[in-house]
*Asks:* 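My structure is below; once you've seen it, I'll send some questions.
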Amino acid sequence: MDKHDVARILEDIALFLSIQGENPFKVRAYQNAARSIEDIDEAIETLIAENRLKDVPGVGDKIRWKIEALVLKGSLPFYEKLKKEVPPGLLELMDVPSLGAKKVKQIYDAFEIQSVEQLVEACENGQLSTLKGFGPKTIENILRNIENLKAYGKRMLWWDAKKLAYAMREKLSKLKQVKKVEIAGSFRRKLETVGDLDFLVASNDPEFVMNWFSKQPSVEKVQARGPTKSSVRLKGGLQADLRVVPEEEFAYALLYFTGSKDFDIFLRQRANQLGFTLNEYGMQPLLGKRKKNPVCKTEEAIFQSLKLSYIPPELREGAASIDAAEKGKLPKLVEEQDLRGTFHCHTADSDGHNTLTEMAAAAEELKWEYLGIADHSKSSYQANGMDEKRLFNQIDRIKEINQSRKFKVYLLAGLECDILNDGTLDFPNEVLKHLDYVITSVHRSFKMSEKEMTARLIKAIENPFTTMIGHVTGRLLLRRDPYLVNLPKIIDACIANGKIIELNAYPSRLDMDWRFWHHAAEKGLMCSINPDAHSTDELQYCSAGINCARKGWLEKKHILNTFPLAKVKSYLLENKQNTH
DNA sequence: GCCGTTTTCGGCCCGACTGTTTTCAGTCG
């Protein structure tokens, strides 16, 4: 049982307790503990063994004992008892928007409804409307929300949402009634997937802006509409919220609506400690406190009055960045213009769309100093993987291009080499030694046990010719789960062997996940941001990788492809020399 | 159930919107 399982069970316990009508603060205590557990970046067994679970914020004695029972014994009687008392179907009902613990309990107590199907039936046959508080509109909403949940319950990749978001922002910014506009929420925090878009506008004429917004051709349905806030569903299913505020409140509203929710809570608690109350409209002294009322026009100023340095949106996920901001120890995050090249690009020699020279020209246009070509190896026959002959031919052509000095960009001869089932590589070291670098990746046999997969990867990491591990968990966001692998062990093995883990910037991969980078880089892991480009256009995926790297607290010094060419060459050469 | 530089008890972020009811509870973010 790992931390995710523990966190999920704590979340479930919170839901069960809320359905039972427990004290809402007790419910929140379990939710807080779940979040804290999710945030820890060590093996939970280690924390227990070293008696450090008590240091995790939000975990007191009672919850700690429960976590220890879960991890050490594999079960928790308290949780089993709750599962018996509260039918598990009620958790599914809690997923329906507009249904919370109170209503779910109410309909269960009245009619023993414990599944979405039963609920639909009760709505349609009029049973539900006999309950207090369930008028015709409530019933209609429940039915529509169930429909939406089935059709649109999914999130969207940040990269895909970007087009919709920027187009709407552009149109809003052109209205003369609009003084400022920003996209807030998880989109601004650059989360890899988003569930909705939050537009924030400063205007003196909210009525006009709301009307304009709800009548946009991209709006499929208006779901809620008040004087300063409306909520719509866009064509394609994504929900979008618009909030209109006076210009003087804009900074406070932007801070608030950027979230995350947890981050906002921590900030408000901090404001309280300093004698203020903070909300989306401003910051006031708490009752009875003799304090001056700070007026802030920017987020920077608000952070300042909270005695914090400015925290970039990407880092607003939990309390860690607040601690760092308090101590003046926030990282200087990597930026897109820091990139001087990249390493994981395919050409028409395997399954890419463009030739070597086309890719080189595109990289030159990006003002990069170097471009690493890493086509597939022979076992990836589905991707037209290269055999030795074709590989050597490609290496020769790369040398020719470099010698011709036709491009300002320098091409590096690499390979995306398959990791076979037993952890050996697709080519012998005799072949690999002719390359500038080698990315090793798993492309098949995903369904191994965690133990087998971890051993397989570690064997590849220990191969002297491996430079970096490609898309380390194989996940495809919103489509395929990561394969089972013990990432902390992989990270440690890479550090011990001087190997890099790539940050695969393909928008549906973003693998390794940003949640692991902060701690891993601190321990000494090196990163490389690689677009996994299969065409010249896809080189721009690097910017999705930058988003993820920033969320992972990475700075220039952690990322190989921010180094100038000479330093990259010596880095790669040094790694090869260690192979003797 | 957690937590503590006024506290080991009494707080716990805070406001908008909806629907149903005439002053509020529930849900959401």
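In what follows, every chain begins at residue 1, and chains take the letters A, B, ... in the order their sequences are listed. Values in this document were obtained by computation on a predicted structure and should not be read as measured data.
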*Asks:* To the side chain of A/I63, which of B/dC12, B/dC14, B/dC2 is closest?
*Replies:*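 Ranking B/dC12, B/dC14, B/dC2 by closest atom to the A/I63 side chain puts B/dC2 first.
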*Asks:* If you measure from the P atom in B/dA16 to the same atom in B/dT21, how many Å do you get, rounded?
*Replies:*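 Comparing P positions in B/dA16 and B/dT21 gives a spacing of 24 Å.
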*Asks:* How should the glycosidic conformation of B/dT22 be described, syn or anti, under the criterion that syn lies within 90° of 0?
*Replies:*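 Here the answer is anti: the torsion falls beyond 90° from 0.
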*Asks:* Go along nucleotides 24-29 of chain B 5' to 3' and tag each nucleotide: B for a protein heavy atom under 4.0 Å from its base, S when only backbone or sugar atoms are that close, - otherwise.
*Replies:* --SSSB
*Asks:* If you assign A/N279 and A/K62 each to the DNA chain B nucleotide with the nearest heavy atom, which residue ends up on the more 5' nucleotide?
*Replies:*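 Here A/K62 is the residue nearer the 5' end.
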*Asks:* Tell me yes or no: between the side chains of A/N547 and A/R550, is some donor less than 3.5 Å from an acceptor?
*Replies:*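 Looking only at side-chain atoms, A/R550 and A/N547 do not form any donor-acceptor pair under 3.5 Å.
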*Asks:* So A/T277, base contact, sugar-phosphate only, or nothing? Heavy-atom distance under 4.0 Å.
*Replies:*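 It contacts sugar-phosphate atoms only.
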*Asks:* Rounded off to whole Å, could you give me the CG-to-C1' distance for the A/L278 and B/dC14 pair?
*Replies:*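 To the nearest whole Å, that distance equals 10 Å.
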*Asks:* Looking at B/dG1, B/dC12, B/dT20, which one has an atom nearest to any side-chain atom of A/K137?
*Replies:*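 Selected nucleotide: B/dT20.
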*Asks:* So among A/V232, A/N211, A/L242, which one has a side-chain contact (heavy atoms from CB on, under 4.5 Å) with A/R225?
*Replies:*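 Option passing the side-chain contact (heavy atoms from CB on, under 4.5 Å) with A/R225: A/N211.
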*Asks:* Whole angstroms only, please: what is the CD-C1' distance between A/E22 and B/dC2?
*Replies:*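 It works out to 14 Å between those atoms.
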*Asks:* Using side chain to side chain donor-acceptor pair (under 3.5 Å) as the criterion, list what pairs up with A/S231, not counting sequence neighbours.
*Replies:*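 Checked A/S231 against side chain to side chain donor-acceptor pair (under 3.5 Å); matches are A/Q239, A/D241.
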*Asks:* Expressed as a whole number of Å, how far does the C1' atom of B/dG10 sit from that of B/dG15?
*Replies:*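 One C1' to the other, the span is 24 Å.
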*Asks:* Just checking A/K66: base, sugar-phosphate only, or nothing, at a heavy-atom cut-off of under 4.0 Å?
*Replies:*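 If one applies the 4.0 Å heavy-atom cut-off, A/K66 turns out to touch the sugar-phosphate alone, with no base involved.
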*Asks:* Regarding A/T473 and A/D511, is there a side-chain donor-to-acceptor distance under 3.5 Å anywhere?
*Replies:*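 The criterion, which ignores hydrogens and geometry beyond distance, is satisfied for A/D511 and A/T473.
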*Asks:* Rounded to whole Å, how long is the line connecting atom OH of A/Y252 with atom C1' of B/dG15?
*Replies:*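 Roughly 17 Å, once rounded to whole Å.
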*Asks:* Counting only N and O atoms by type, is there a donor-acceptor contact under 3.5 Å from the side chain of A/R233 to the main-chain atoms of A/K221?
*Replies:*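 The answer is no, because no donor-acceptor pair under 3.5 Å joins these two groups.
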*Asks:* Rounded to whole angstrom, note down the C1' distance from B/dC2 over to B/dT8.
*Replies:*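 B/dC2 and B/dT8 have their C1' atoms separated by 12 Å.
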*Asks:* Inspect the contact between A/E22 and A/K102 and indicate whether a charged nitrogen and a carboxylate oxygen are less than 4.0 angstrom apart.
*Replies:*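 Salt bridge: no.
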*Asks:* For B/dT6 and B/dG11, measure between their C1' atoms and round to the nearest Å.
*Replies:*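 Comparing C1' positions in B/dT6 and B/dG11 gives a spacing of 14 Å.
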*Asks:* So, is A/N141 close to the B/dG19 phosphate, meaning a side-chain N or O under 4.0 Å from OP1 or OP2?
*Replies:*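 Checking B/dG19 against A/N141, a side-chain N or O does come within under 4.0 Å of OP1 or OP2.
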*Asks:* Between A/F78 and A/P227, who's closer to the 5' end of DNA chain B by nearest nucleotide?
*Replies:*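 Its nucleotide being nearer the 5' end, the pick is A/F78.
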*Asks:* Which whole number of Å gives the distance between the C1' atom of B/dT18 and that of B/dC12?
*Replies:*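 These two C1' atoms come out 26 Å apart once rounded.
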*Asks:* Expressed in angstrom and rounded to an integer, what is the separation of A/Q223 atom CD from B/dG19 atom P?
*Replies:*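 Rounding to the nearest Å, CD of A/Q223 and P of B/dG19 are 12 Å apart.
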*Asks:* Scan A/D61 against the nucleic acid and name what it touches under 4.0 Å (heavy atoms): base, sugar-phosphate only, or nothing.
*Replies:*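 If one applies the 4.0 Å heavy-atom cut-off, A/D61 turns out to touch the sugar-phosphate alone, with no base involved.
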*Asks:* Could you tell me how far apart A/E140 (CD) and B/dT20 (C1') are, to the nearest whole angstrom?
*Replies:*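 So the CD-C1' distance, A/E140 to B/dT20, works out to 15 Å.
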*Asks:* Counting side-chain heavy atoms from C-beta on, which of B/dT18, B/dC12, B/dG19 comes nearest to A/Q269?
*Replies:*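 Minimum distance to the A/Q269 side chain belongs to B/dC12.
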*Asks:* Determine which nucleotide pairs with B/dT8, using a 3.5 Å limit on both distances of a Watson-Crick or G-U wobble pair.
*Replies:*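 Its partner is none (no Watson-Crick or G-U wobble pair with both distances under 3.5 Å).
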*Asks:* Can you confirm if the aromatic rings of A/Y310 and A/F303 lie within a centre distance of less than 6.0 Å?
*Replies:*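 A/F303 vs A/Y310: aromatic centres under 6.0 Å.
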*Asks:* With no hydrogens and no angle check, just 3.5 Å: does a side-chain donor-acceptor pair link A/Y30 and A/K66?
*Replies:*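 A/Y30 vs A/K66: donor-acceptor pair found between side chains.
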*Asks:* Using a heavy-atom cut-off of under 4.0 Å over every strand shown, decide if A/Y281 touches base, sugar-phosphate, or nothing.
*Replies:*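 Here A/Y281 touches the backbone only, sparing every base.
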*Asks:* Please report, rounded to the nearest Å, how far the P atom of B/dG19 is from the CD1 atom of A/I142.
*Replies:*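 After rounding, the gap between these two atoms is 11 Å.
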*Asks:* Could you check how far CG of A/L128 sits from P of B/dT20, rounded to whole Å?
*Replies:*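 So the CG-P distance, A/L128 to B/dT20, works out to 11 Å.
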*Asks:* Check whether any side-chain nitrogen or oxygen of A/S231 sits under 4.0 Å from OP1 or OP2 of B/dC17, and answer yes or no.
*Replies:*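 Checking B/dC17 against A/S231, no side-chain N or O comes under 4.0 Å of OP1 or OP2.
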*Asks:* Could you give the distance separating B/dT27 and B/dT20 at their P atoms, to the nearest angstrom?
*Replies:*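 The same atom, P, in both gives a distance of 14 Å.
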*Asks:* Below 3.5 Å, can you tabulate the donor-acceptor pairs from side chains in residues 318-334 of chain A to any protein atom, sequence neighbours excluded?
*Replies:*
residue	atom	partner	partner atom	Å
A/S321	OG	A/L315	O	2.8
A/E326	OE2	A/R270	NH1	3.0

*Asks:* Would you mind reading off the distance between A/I37 atom CD1 and B/dG1 atom P, rounded to a whole angstrom?
*Replies:*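 Checked: the CD1 to P distance equals 16 Å.
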*Asks:* For the P atoms, the ones on B/dT5 and on B/dG1, what distance do you get once it is rounded to whole angstrom?
*Replies:*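 The same atom, P, in both gives a distance of 23 Å.
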